[in-house]
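Scroll down for the structure; my scribbles are underneath it.
Both ligands and their constituent atoms are indexed starting at 1 by order of listing.
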Amino acid sequence: MSLYIVSTPIGNLGDMTPRALDVLRAADLIAAEDTRHSGRLLNHFGIETPMWAVHDHNERTQADRIVQRLLEGENIALISDAGTPLISDPGFHLVRAAREAGVTVVPVPGACALVAALSASGVATDRFVFEGFLPAKPQARLARLEALAAETRTLVFYESPHRIRDALEAIRDCFGDDRYLVIARELTKTFETIRGAPVGELLAWMDEDANQRRGEFVLVVEGAPEAERGALDDESLRVLKILLAELPLKQAAALTASITGARKKPLYQQALAWKEQG
Ligand code: SAM
């Protein structure tokens, strides 16, 4: 009958909402990213609803089976390992398929690391861009960050302990030593740490204390100052667009800079951003 998208805690079990518990108890089936992991959570709350595994590798086939059961009149809840399903977690194909089949999809909101980090970061929250995880490969990571260097909205990234240092280094290399950034580590858990400073300082702090590289991370990065974008007046953007249709990225940026007097770096970053957007 309905597909419920249920948020679960990101560390502190006290963040499980009463409504989430009611929905999980009453559901005919719980679709879970990892049934062993979620089994512990359900066990803690005495919930005995049967589970099916729905993860990145089987989501498309499972989605068809789940939609079938929904159409037969069952209520099904989707949960992920932590936080809100679909936010850097599986569920997109299932929700899409359910909505296309005319099934009612009901959000049951709760914890989400991205929102928790933003809300406590002290960085502007009126406009932000969620980038999920940066690419694992160094070259792809740099390309992604280059494309974002002139972005004036707040940027939010997820990061794992294996790559946190590399990610900070890449941010420093692309955005400069002084870009202000907040690291939100282990939110809602015993070692919760939220620290803001220019990225160069945060790297030094992390190098001094290995504990700061442990756990789960959200990075909230202040947007680029408007001035960096200011160089790109309408005329420069128009010329850049025309030249990009004929020339490689670097050449188009350089030529636009000579024609309009705009700075080469933001032109190059703008060209990259367009290319990424297709
Ligand atoms: N769906 C989840 C949500 O709503 O936030 C995110 C799932 S994603 C696979 C896992 C990533 O979220 C972690 O690598 C980390 O970047 C972030 N994350 C999850 N829990 C966190 C926590 N307690 N503190 C900081 N970051 C967390």
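- Atom 3 (C) of ligand 1 has as its closest protein heavy atom Tyr158 OH, 3.5 Å.
- Side chains of Arg214 and Asn211: a donor on one and an acceptor on the other come within 3.5 Å.
- Near Thr84, the atoms of ligand 1 lying under 4.0 angstrom from a non-hydrogen atom of the residue are 1 (N), 3 (C), 4 (O).
- Using a 4.0 Å cut-off between heavy atoms, Ile10 contacts ligand 1 through both its backbone and its side chain.
- With a heavy-atom cut-off of 4.0 Å, Glu192 does not touch ligand 1 at all.
- Here the shortest heavy-atom distance to atom 18 (N) of ligand 1, taken over Ala113, Pro161, Pro9, Pro90, belongs to Ala113.
- Of all protein heavy atoms, the one closest to atom 2 (C) of ligand 1 is Ala82 O, 3.2 Å.
- The distance from ligand 1 to the heavy atoms of Gly83 drops below 4.0 Å at these ligand atoms: 3 (C), 4 (O).
- With a heavy-atom cut-off of 4.0 Å, Ala184 touches ligand 1 through its backbone alone.
- Of the protein's heavy atoms, Glu216 OE1, 3.3 Å lies nearest to atom 20 (N) of ligand 1.
- Using a 4.0 Å cut-off between heavy atoms, Ser7 makes no contact with ligand 1 at all.
- Leu202 and Val220 fall into different hydrophobic clusters, where Ile, Leu, Val, Met, Phe, Trp and Tyr residues are linked whenever their side-chain heavy atoms come under 4.5 Å apart, directly or through other members.
- Numbered from 1 in the order shown, with element, the atoms of ligand 1 that lie under 4.0 Å from a heavy atom of Lys189 read 23 (N).
- Nearest approach of Arg213 to Asp207, heavy atoms of both residues: NH1-CA, 3.7 Å.
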Step by step, would you call Tyr158 with Phe130 a ring pair (Phe, Tyr, Trp, His ring centres under 6.0 Å)? CA-CA 9 Å; Tyr158 278 170; Phe130 176 55; 5.0 Å; yes

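- When only non-hydrogen protein atoms are considered, atom 24 (N) of ligand 1 lies nearest to Leu187 N, 2.8 Å.
- Put simply, part of Asp89 is less than 4.0 Å from ligand 1, judged by heavy atoms.
- In terms of polar-atom proximity, Pro85 is not counted as a contact of ligand 1, lacking any N or O under 3.5 Å from an N or O of the ligand.
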Might you work through the side-chain contact (heavy atoms from CB on, under 4.5 Å) test for Thr125 and Thr154, ending with a clear yes or no? CA-CA 7 Å; Thr125 52; Thr154 296; over 6 Å; no

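- Here Phe133 has side-chain heavy atoms under 4.0 Å from ligand 1, and that is the only part of it that gets that close.
- Short contacts between ligand 1 and Phe217, defined as distances under 4.0 Å to a heavy atom of the residue, involve ligand atoms 15 (C), 16 (O), 25 (C), 26 (N).
- A donor-acceptor contact shorter than 3.5 Å links the side chain of Thr49 to the backbone of Leu24.
- Nearest heavy atoms, Ala53 versus Asn58: O-ND2, 3.1 Å.
- With no hydrogens or angles considered, no side-chain donor-acceptor pair links Thr188 and Asn12 at under 3.5 Å.
- Of all the heavy atoms in Ser2 and Asn75, the pair that sits closest is N-OD1, 3.1 Å.
- Of all atoms in ligand 1, numbered sequentially from 1 with element shown, those under 4.0 Å from a heavy atom of Glu186 are 23 (N), 24 (N), 25 (C).
- Applying the salt bridge (Lys or Arg N to Asp or Glu O under 4.0 Å) test to pairs two or more places apart or on separate chains, those with a residue in residues 58-87 are Arg69-Glu74.
- A donor-acceptor pair is defined here as one N or O able to donate and one able to accept, closer than 3.5 Å; no such pair exists between the side chain of Thr84 and the backbone of Ile87.
- Using a 4.0 Å cut-off between heavy atoms, Ser160 makes no contact with ligand 1 at all.
- Between the side chains of Asp233 and Ser236, at least one donor N or O sits under 3.5 Å from an acceptor N or O.
- Taking every non-hydrogen atom of Ser88 and a distance limit under 4.0 Å, the qualifying atoms of ligand 1 come out as 7 (C), 8 (S), 9 (C).
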